[in-house]
Amino acid sequence: MGLKLYIGIDLGTSAMKLLLMDKEGAIHNMVTKEYPLEFPKPGWSQQNPEDWKKALLEGVPELLQGFDGADVAGIGCGGQMHGLVVLDKDDNVIRPAILWNDGRTAKEVDYLNHTVGVDRLARWTANIAFAGFTAPKLLWMRENEPENFARIAKIMLPKDYINYLLTGVHCCDYSDASGMLLLDVGNKCWSKQMLELCGVTEAQMPRLFESYEVVGTLLPETAQALGLPRSVQVVAGAGDNAAAAVGTGVVGEGGCNISLGTSGTIFISSKTFRNPDNHAIHAFAHADGGYHLMGCMLSAASCNKWLMDEIYKTSDYAFEQMDITDDKLGENHVYFLPYLMGERSPINDTNARGTFIGMTMDTTRADLTQAVLEGVAFAIRDSFEVAKSLGIEITSSKICGGGARSPLWKKIFANVLNIKLEVPVSEQGPGMGGAMLAMVGCGAYPSVQAAADALVSVADVVEPEPALAAKYEARYQSFRKIYPACRELFPLLHG
């Protein structure tokens, strides 16, 4: 038997990404298997779990080509959150999974937040209802597909179905369960009030585990199909954001990661549970056994993409940033509200819209580009301020995602937040986090913190500059007054 290997699975919305990693952090192979999304009606988004099964059964043997399957010790999965997977009494999938980006539950979300009430929801689950969450989908199914609803024997999340295929165990971890609006996050148990409200029982829910806990070993038929020994241990895994945070070393107290993708997130880890009074950011369990706060903005790097692609008609993003020289930073009089798709954290306003303000006759193209980059940084700071108000001290953050490839944008972020930014060497996200959780479950590391300390390294550091940070502090105080002044206008703009 050679070097022990671990498989990390990233069950994404458009593809399953698999990686093969050793205890030292070397990635030996990677495989991606794409699958389709279904949009049966405007605003609906669903997926067939059979496609995930096919990706797993084809992807793992491909990942192992040139390697000895007997060397694989463990498997961990990070997956797209919030999706509703329902099984009947024979463990057959009842209907396509309703995904995180599905918008069919507006009526149910309105009922939960306004009739049941956000204060009660926050007491029961530490969160309020969003269209993507799982509980509103159950209410929708009970109302619109009563025959299917009556057949439900087990309710799961997407990555839990992968774990079921591997082990035959109906399981879920606390980080992923936190995004269902069915978990009492502070007490790490299913919320009896929410289960009753949704018309389901605890027997229909999966068994709860910490992300690094072993839920079982491979079923004989699965082991044979994948080319793996039955002794391979499968851990509970985590929701994609928590798994990615493990992969970037954001664990323990005050760890922070900013992700600048299509959407933007700020993920702050904490050893203790904190429930924000205004519910402006999510309070979830973390994959390291602790907790985390997460602010999610709907348009981050996509704001810059929109300006470049649709307005400027250019693909040379770097060229457009060349005129934004150091002397211009902190001096821009143009501001941009980055709410091109409404906004989630911390304002939770679907009516909010993208807005330029402060333009004059001498405003340049570069000023608008700079305003967009700064607006996204200011909006992330809004969530950052909520976390700080809860007593969490954040002195540095990892930064990742497509937007983080811009040196200028990283410099703006470091000074708007006035913290040190670290760029990780490897950015394999949920898959790497899944493999690291498997290592902990198999005993290769004593804790998630120990695995992160050993395996996550930094490629680049961006430090704030005191004079520039002071300029951006003044700019941010102006920025934060713009949305409240515009809030009443937004609904009028689109009837």
Side-chain angles (χ1 to χ4, degrees), residues 3-12 15-33 59 63-64 66-67 71-80 159 175 211-212 235 237-252 255-262 264-267 269 286-288 292 301 396-407 409-410 413-414 420-442 444-445 447-462:
L3 185 68
K4 273 193 178 172
L5 299 170
Y6 302 86
I7 294 174
I9 300 172
D10 173 6
L11 181 73
M16 178 184 285
K17 297 173 187 168
L18 302 114
L19 59 82
L20 191 63
M21 189 172 166
D22 66 33
K23 184 194 165 188
E24 309 306 318
I27 295 171
H28 293 268
N29 200 12
M30 295 172 66
V31 166
T32 298
K33 290 289 176 187
L63 186 74
L64 295 172
F67 300 90
D71 293 338
V72 175
I75 299 175
C77 186
Q80 48 166 305
K159 68 108 178 58
S175 76
S211 297
Y212 50 82
V235 295
D240 52 7
N241 285 300
V246 170
T248 54
V250 178
V251 295
C256 185
N257 183 49
I258 293 162
S259 176
L260 280 184
T262 302
T265 56
I266 181 165
F267 184 110
S269 61
H286 192 8
D288 64 353
H292 74 269
S396 68
S397 176
K398 300 291 196 311
I399 188 165
C400 62
R405 289 198 283 270
S406 161
W409 216 349
K410 284 184 287 201
F413 260 92
K420 179 174 71 175
L421 293 181
E422 300 175 333
V423 183
V425 169
S426 178
E427 204 193 299
Q428 295 307 328
M432 182 168 168
M436 289 166 66
L437 291 169
M439 291 176 201
V440 178
C442 293
Y445 290 97
S447 66
V448 179
Q449 181 77 61
D453 290 345
L455 299 176
V456 180
S457 53
V458 171
D460 185 28
V461 176
V462 185

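Quick caveat, the model's predicted, so the values are computed rather than measured.
In terms of heavy atoms, Y6 sits closest to A444 at OH-CB, 3.6 Å. In terms of heavy-atom proximity, A287 sits nearest to S175 at N-CB, 4.2 Å. Nearest heavy-atom pair across S269 and G252 is OG-O, 2.8 Å. In terms of heavy-atom proximity, K159 sits nearest to G237 at CE-C, 3.7 Å. Closest approach of G59 and L18 over heavy atoms only: CA-CD1, 3.8 Å. Looking at every heavy atom in both residues, G74 comes nearest to C442 through CA-SG, 3.8 Å.
No donor-acceptor pair under 3.5 Å is formed between the side chain of E422 and the backbone N or O of V461. With hydrogens and angles ignored, the 3.5 Å screen pairs no side-chain donor or acceptor of S396 with any backbone N or O of K420. S397 places no side-chain N or O within donor-acceptor distance of the main-chain N or O of L421, the cut-off being under 3.5 Å.
Annotation for K410: atom NZ counts as buried by contact number, over 12 foreign heavy atoms lying within 6.0 Å.
Between the CG atom in L19 and the NE2 atom in H28 there is a gap of 10.5 Å [rounded to 0.5 Å]. The line from SG of C400 to CG of N257 is 4.0 Å long, rounded to the nearest 0.5 Å. Expressed to the nearest 0.5 Å, how far OG1 of T248 lies from CD1 of I258 amounts to 11.0 Å. N29 contributes atom CG, which lies 5.0 Å from atom CG of L63 (distance to the nearest 0.5 angstrom). Note: M30 CE to M432 CE = 11.0 Å, rounded to the nearest 0.5 Å. In this structure, CD1 on I266 lies 10.5 Å from CG on L260, to the nearest 0.5 angstrom.
With contacts defined as side-chain heavy-atom distances shorter than 4.5 Å, the pair V72/L20 qualifies. The shortest distance between side-chain heavy atoms of I9 and M16 falls below 4.5 Å. Annotation: side chain of V246 is not in contact with side chain of D288 (no heavy-atom distance under 4.5 Å). Contact check for I399 versus V462: no side-chain heavy atoms found under the 4.5 Å cut-off.
Here S406 pairs with Q321 under the side chain to side chain donor-acceptor pair (under 3.5 Å) rule; sequence neighbours left out. Scored by the ring-ring contact (aromatic ring centres under 6.0 Å, His included) test, Y212 finds no partners at all (sequence neighbours excluded).
Using bins of under 30°, 30° to 60° and over 60° for the plane-to-plane angle, the ring pair H292/F267 lands in the parallel bin.
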Show me the donor-acceptor pairs within less than 3.5 Å that the side chains of residues 450-460 make with the rest of the protein, sequence neighbours left out.
{"unit_1": "D453", "atom_1": "OD1", "unit_2": "Q449", "atom_2": "NE2", "d": "3.1"}

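Under the 6.0 Å distance and 45° angle rule, K23 counts as a cation-pi partner of Y445.
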Walk me through whether L3 and D71 qualify under side-chain contact (heavy atoms from CB on, under 4.5 Å). CA-CA 6 Å; L3 185 68; D71 293 338; 5.8 Å; no
